[in-house]
Amino acid sequence: MPKAAHAPRIAFSRPPASPRGVLIVLCDDELKFGSAATAMLKPVRALVAKTAKTEGFKGKKGKALELLAPAGLAVERLTIVGVGKAKELELKDWLKLGGTVMGKIPGPARAVSVFLDLPGPATKPEAAAEFALGLKLRAYRFDRYRTKRKEDEEKAPAGANVALAVADPAAAEKAWKARERVGEGVLIARDLVNEPPNVLYPVEFARRAAELKKLGVAVDVLDVPALKKLGMRALLAVGQGSAHESRVVVMRWNGGKKGEAPVAVIGKGVCFDSGGISIKPAASMEEMKGDMAGAACVVGLMHTLAARKARANVVGAIGLTENMPSGTAQRPSDIVKSMSGQTIEILNTDAEGRLVLADVLWYVKERFKPKWMIDLATLTGAILVSLGQEYAGLFANDDKLAKRLIEAGQATGERVWRMPLGPEFDKMIDSKFADMKNIGGRYGGSITAAQFLQRFVDKTPWAHLDIAGTGMAAQPSDINQSWAPGWGVRLLDRLIGEHYE
Ligand code: BES
Ligand code: MN
Ligand code: ZN
């Protein structure tokens with residue numbers, strides 16, 4: 001996979017006595033520095049105090065104070081970044097802080113030193129690694145299709161060497177080696193979601209997923225004849241109107257005990273969702289290139305797990321299609337038979353994600369008998385109405401799995417909010433002509449979509465994450481400036497790392 005541009009080079013070092021270039025230090029909300037920074041800043045102590053006062057800088061979380069070429073230090077620029085209450089910093093705050101700091105590094109900067117110490121106990125290696133991850137995620141740009149640089153992008157520090165000063169650089173470096181893999185996975189997911197659909201159609205997506213073989217992941221790409229043979233008629237029906245063939249990709253990482261049942265992660269990979277014959281309005285249709293964010297997350301996650309040699313058996317499976325209107329497209333009123341044998345009446349061809357997932361969920365359950373399955377899908381606009389872009393919708397038939405996902409969400413900042421399931425909702429998708437229809441009524445659209453999926457998981461512990469709000473069209477944040485956030489890689493890496501390794 002092509003490397004993301006603008007990658008800063010990150011290394012850990014002991015605090016330099018007289019840094020050069022761009023210097024960044026952290027302070028708490030009493031304007032106190034860690035001991036190394038305090039000693040190093042001695043020559044500018046009065047100047048810093050005075051400037052802070054003039055600027056009204058109080059060390060609040062995320063706020064910064066800049067001093068250009070301060071007399072007494074050999075640096076071009078000194079930036080002091082507030083962290084608020086130092087004692088209260090959790091890992092997810094260190095991540096954000098890394099992002100904030102990256103955002104303060106000016107474009108032309110080459111040599112950058114960041115002092116990571118704060119008043120109180122030494123900064124932990126895990127915190128330093130999380131900070132570095134924040135730097136890496138914030139520096140990402142998706143600009144491979146620009147032939148001219150935009151002005152703001154010129155300002156992004158493309159070639160900076162960032163030295164992170166900590167008391168124990170070796171320990172921080174070690175922690176960072178593992179976290180860096182997570183960063184790679186997130187950036188792979190972002191790249192896939194940001195790519196335009198004329199480039200990233202199912203066959204090309206499958207080719208990129210197959211690059212995971214280099215890391216020791218077993219990758220099977222199922223083509224149309226193979227999918228027909230398996231009976232994945234629901235998934236194939238979605239792609240039948242497109243000039244691009246559908247694919248299913250199955251990725252297996254066996255880093256756990258031999259013979260132990262795997263866990264499985266399944267992604268919706270609709271490379272472009274025009275709505276099909278039930279075509280979408282023109283406004284914002286371009287966003288539907290991101291309708292494969294679930295699949296992108298699965299590929300990014302598999303990369304991370306393999307690259308960090310996770311001690312777990314994990315199956316990743318993605319359903320790749322393009323939903324287009326044409327003479328061969330499926331129609332409202334068509335009835336298709338899914339791989340499970342259950343029949344589906346298509347009433348709206350724009351409710352296509354659930355058709356894709358129905359067959360992939362069933363296939364994974366039958367073939368791998370996983371301990372649990374989690375699917376990620378940009379499934380419904382309704383989840384944006386419910387939860388905005390802050391939380392993904394979580395639907396689950398298993399309380400333990402739901403709880404673990406909620407906890408992993410709180411720890412990583414990729415938060416999920418549990419939504420209900422139940423027989424009252426399930427009956428809303430009963431059909432007059434087939435076993436079920438692919439849409440519910442006017443209300444509870446995210447729930448009826450989840451009910452539909454549940455009909456294809458049987459008794460397998462399962463969770464569905466509706467990421468229509470969190471997985472694409474991201475607002476710029478401390479840790480992401482691009483359209484695609486790469487949502488879910490950190491969440492699921494954490495879940496697996498905490499409970500299944
Ligand atoms: N991919 C869309 C859902 C979506 C909407 C994702 C906005 C991201 C942002 C999905 O395939 C879809 O079209 N869902 C329909 C379902 C409806 C026809 C029952 C929707 O949400 O309107
Ligand atoms: Mn749709
Ligand atoms: Zn869709």
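Order of appearance sets the numbers: ligands from 1, and atoms from 1 within every ligand. Every value quoted in this text rests on a predicted model; they were computed, and no experiment measured them. Computation of the quantities below employed the complete heavy-atom set of this structure, encompassing side-chain atoms and omitting hydrogens, waters and symmetry-equivalent molecules.
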Electrostatic pair E345-K432, nearest N-O below 4.0 angstrom: no
Lys/Arg N to Asp/Glu carboxylate O, E414 vs R494, below 4.0 Å: no
Contact atoms of ligand 1, heavy-atom distance to E352 under 4.0 Å: 11 (O)
Non-hydrogen side-chain atoms of W462 and Q454 separated by less than 4.5 Å: yes
Under-2.8 Å neighbours of the Mn ion (ligand 2), protein N/O/S atoms only: 4
N-O pairing of K268 and E352 below 4.0 Å: yes
In the protein, N/O/S atoms that are found under 2.8 Å from the Zn ion (ligand 3), waters not counted: K268 NZ, D273 OD2, D291 OD2, E352 OE2
Salt bridge present between D359 and R233 (N-O < 4.0 angstrom): no
Set of ring pair (Phe, Tyr, Trp, His ring centres under 6.0 Å) partners for Y363, sequence neighbours left out: none
cation_pi(K289, W483) dist<6.0 Å, angle<=45: yes
Protein heavy atom under 4.0 Å of atom 22 (O) of ligand 1: no
R404 bridged to E407 by N-O distance under 4.0 Å: no
Main-chain N/O of R181 paired with T304 side-chain donor or acceptor, under 3.5 Å: yes
Main-chain N/O of G469 paired with Q389 side-chain donor or acceptor, under 3.5 Å: yes
Carboxylate-amine/guanidinium contact E180 K177, below 4.0 Å: yes
For F272, ring pair (Phe, Tyr, Trp, His ring centres under 6.0 Å) partners two or more places apart: none
Selection from G290, S274, G381 by shortest heavy-atom distance to atom 20 (C) of ligand 1: G381
E287 touching ligand 1 at heavy-atom level, < 4.0 angstrom: no
Shortest heavy-atom approach to atom 9 (C) of ligand 1 - which of K280, R442, M288: M288
